[in-house]
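Within every chain, numbering begins at 1; the chains are lettered A, B, ... in the order of the sequence lines, protein sequences first and strands thereafter. What you see is a predicted model; the values in this text were computed from it and never measured.
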Number of protein chains: 2
Amino acid sequence: MENDTQTNIMDAAQSLILDNGFSGTTVDAIIKRAGVSKGAFFHYFSSKADLAHALVMRYAEADAQHLENNMEKAEALSDDPLQQMLIFVKLFEQEMNALSEPYPGCLFASYLYQSELFDEQILEIIHRWMLRWRGRVKDKLEEVADTYPPDREVDLSSLADMLLVTFEGAFVLSQSVEEPETIARQLSHYHSYLQLLFNP
Amino acid sequence: MENDTQTNIMDAAQSLILDNGFSGTTVDAIIKRAGVSKGAFFHYFSSKADLAHALVMRYAEADAQHLENNMEKAEALSDDPLQQMLIFVKLFEQEMNALSEPYPGCLFASYLYQSELFDEQILEIIHRWMLRWRGRVKDKLEEVADTYPPDREVDLSSLADMLLVTFEGAFVLSQSVEEPETIARQLSHYHSYLQLLFNP
DNA sequence: TTTTAAATACCAACTGGTTGGTATGTTAAT
DNA sequence: ATTAACATACCAACCAGTTGGTATTTAAAA
């Protein structure tokens, strides 16, 4: 165990922020959920904003890892770019299908809905995270388009964005419609769209 | 002018809430932006929560009207269900292309990112709003599927949801990527997907 | 190996500014 | 003269952050 208490505080804070937003989450609520004192909180974080910063860093790192893992998994399972891309999407689809209530949300989206409250540094991290997604997916889509030139013209940047859009939009929807398959079904439409675009 | 001050307060509150979230928006900030006194605020709204309720009602009503307008416009321009549906999407696409910074957001989404803070009544209104979208779009998609039976099996409920998902996801993305066409481009992909699904 | 000094990891009472909300007006129309 | 439409001064609860402490671990000196 490296630093149990700190991680404990961050976990408690993240789940509260996903439910109530950043400014809807008080430090008192965080320490209560984490079962630590106020002294402990301000021992590890110099301010509430500092916590926000630490959370965004951790989330970005974990997500980048996740993205890379799934891409490598997909590339190991096929040599064909289109198949790789389709498997890549299917992996997320399966993950989303596997999890149960409560439905997940995106920490970054919950930050962006309070964007005025955060400094440029945090917004910059979120921005780079988006560009990383777009870049990684777009690279793969370019391979696909080279191998299977589509009939109609396709803007690969926005097609890459569409995967993130699908996630974020489905997260919002799943907050209100109580159907566990919601997110996976939306990913499945993205999957179908890619097939229709690039298949003969 | 029916009730200038009240509308003024609601407009100020809505734009602040879209930027900072509900709990990130103080009553003092609202009355400052609206240029009214605290007495005026609590004359028209019994509490901050009451304001939230009024906002959600107004937003739901305006959006329902908007949805109906675009559907009727589309139905007036063609007799073919697929064309109607494609025009319907194109109308939103044009609207999104027409507007300039700052990019819009969805009041309901900003509420859902603070969902724990709101009572069941407000959440219920948001839920009904989603079901209305799904219902209205799904009805049209059923006409389309009857006229042009698709090759593959298509789940029309989630395909209807996909339009809302596209909006909500694109709103999130547009908060961080500074490209005005982002939202319209995503809608354009939905447009293409429908064409590919239902065209011979 | 024991003693000692210093840093770390907490705790819980407290503080001062902020917040949603109220009390007590004033003004103008009906 | 009553009511609607505000304005201003104020309050109590709440909030992020501070203070002054203690227990425990680490490190180095004796």
Side-chain angles (χ1 to χ4, degrees), chain A residues 1-58 107 110-111 113-119 121-122, chain B residues 1-58 107 110-111 113-119 121-122:
Chain A
M1 311 304 115
E2 287 196 27
N3 197 330
D4 215 7
T5 308
Q6 189 172 11
T7 308
N8 189 20
I9 292 171
M10 289 176 76
D11 291 345
Q14 182 164 326
S15 85
L16 283 168
I17 288 172
L18 283 171
D19 282 348
N20 308 330
F22 179 74
S23 50
T25 303
T26 67
V27 173
D28 283 338
I30 294 170
I31 64 175
K32 191 181 171 189
R33 161 97 48 121
V36 301
S37 72
K38 210 152 210 189
F41 182 95
F42 284 98
H43 174 70
Y44 288 107
F45 305 100
S46 63
S47 67
K48 198 187 166 190
D50 184 46
L51 198 231
H53 192 261
L55 279 176
V56 91
M57 295 285 286
R58 186 179 73 159
L107 183 68
S110 98
Y111 276 37
Y113 275 99
Q114 318 232 83
S115 50
E116 302 289 319
L117 305 176
F118 296 104
D119 52 59
Q121 212 182 340
I122 285 186
Chain B
M1 314 294 120
E2 286 196 26
N3 196 331
D4 216 6
T5 307
Q6 188 171 11
T7 307
N8 189 20
I9 293 171
M10 289 175 75
D11 290 346
Q14 182 163 326
S15 84
L16 284 169
I17 288 172
L18 283 171
D19 282 348
N20 309 329
F22 179 73
S23 50
T25 302
T26 67
V27 173
D28 283 340
I30 294 169
I31 64 176
K32 190 181 171 189
R33 160 98 47 123
V36 301
S37 70
K38 212 154 208 189
F41 182 95
F42 284 99
H43 175 71
Y44 288 107
F45 305 100
S46 63
S47 68
K48 197 188 168 191
D50 184 45
L51 197 232
H53 192 263
L55 279 177
V56 92
M57 295 284 286
R58 186 179 74 159
L107 183 70
S110 97
Y111 276 38
Y113 275 98
Q114 318 232 82
S115 52
E116 302 289 317
L117 305 175
F118 297 104
D119 53 58
Q121 212 182 340
I122 285 186

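Scored by the ring-ring contact (aromatic ring centres under 6.0 Å, His included) test, A:Tyr44 finds no partners at all (sequence neighbours excluded). Considering only residues two or more places apart in sequence or on other chains, A:Thr5 meets the side chain to side chain donor-acceptor pair (under 3.5 Å) condition with none of them. Partners of B:Lys38 according to the salt bridge (charged side-chain N to carboxylate O under 4.0 Å, His left out) rule, which considers only residues two or more places apart in sequence or in another chain, are B:Asp28. For A:Ser47, the side-chain contact (heavy atoms from CB on, under 4.5 Å) partners are A:Ala49, A:Asp50, not counting sequence neighbours. For B:Phe45, the ring-ring contact (aromatic ring centres under 6.0 Å, His included) partners at least two apart in sequence or on another chain are B:Phe41. Remark: B:Ser23 engages A:Ser23, B:Gln114, B:Leu117 in a side-chain contact (heavy atoms from CB on, under 4.5 Å) (not counting sequence neighbours).
Taken to the nearest 0.5 Å, the CD1 atom of B:Ile30 stands 13.5 Å off from the NZ atom of B:Lys32.
For the pair A:Lys48 (side chain) and A:Thr26 (backbone), a donor-acceptor distance under 3.5 Å is absent.
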Pick out the pairs of N or O atoms, protein on one side and nucleotides 26-30 of chain C on the other, that lie under 3.5 Å.
none

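Taking the 5' to 3' direction, DNA chain D first and last meets chain A under 4.0 angstrom from a heavy atom at D:dC15 to D:dT18.
Here the shortest heavy-atom pairing between A:Ala52 and A:Tyr111 reads O-OH, 3.0 Å.
Within residues 8-22 of chain B, no residue approaches DNA chain D, by heavy-atom distance under 4.0 Å. At a non-hydrogen distance threshold of 4.0 Å, A:Lys38, A:Phe42, A:Ser47, A:Lys48 from residues 36-51 of chain A come into contact with DNA chain D.
At a threshold of 4.5 Å between non-hydrogen side-chain atoms, the residues B:Ile9 and B:Ile31 do not count as touching.
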Return all side-chain donor-acceptor pairs below 3.5 angstrom for residues 10-22 of chain A, not counting sequence neighbours, or 'none' if the list is empty.
| unit_1 | atom_1 | unit_2 | atom_2 | d |
| --- | --- | --- | --- | --- |
| A:Asp11 | OD1 | A:Arg58 | NH1 | 2.9 |
| A:Asp11 | OD1 | A:Arg58 | NH2 | 3.0 |
| A:Gln14 | OE1 | A:Arg58 | NH2 | 3.2 |
| A:Ser15 | OG | A:Ala12 | O | 3.3 |
| A:Ser15 | OG | A:Arg33 | NH1 | 2.6 |

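No engagement by A:Ser23 is indicated, since no non-hydrogen atom pair under 4.0 Å with the nucleic acid exists.
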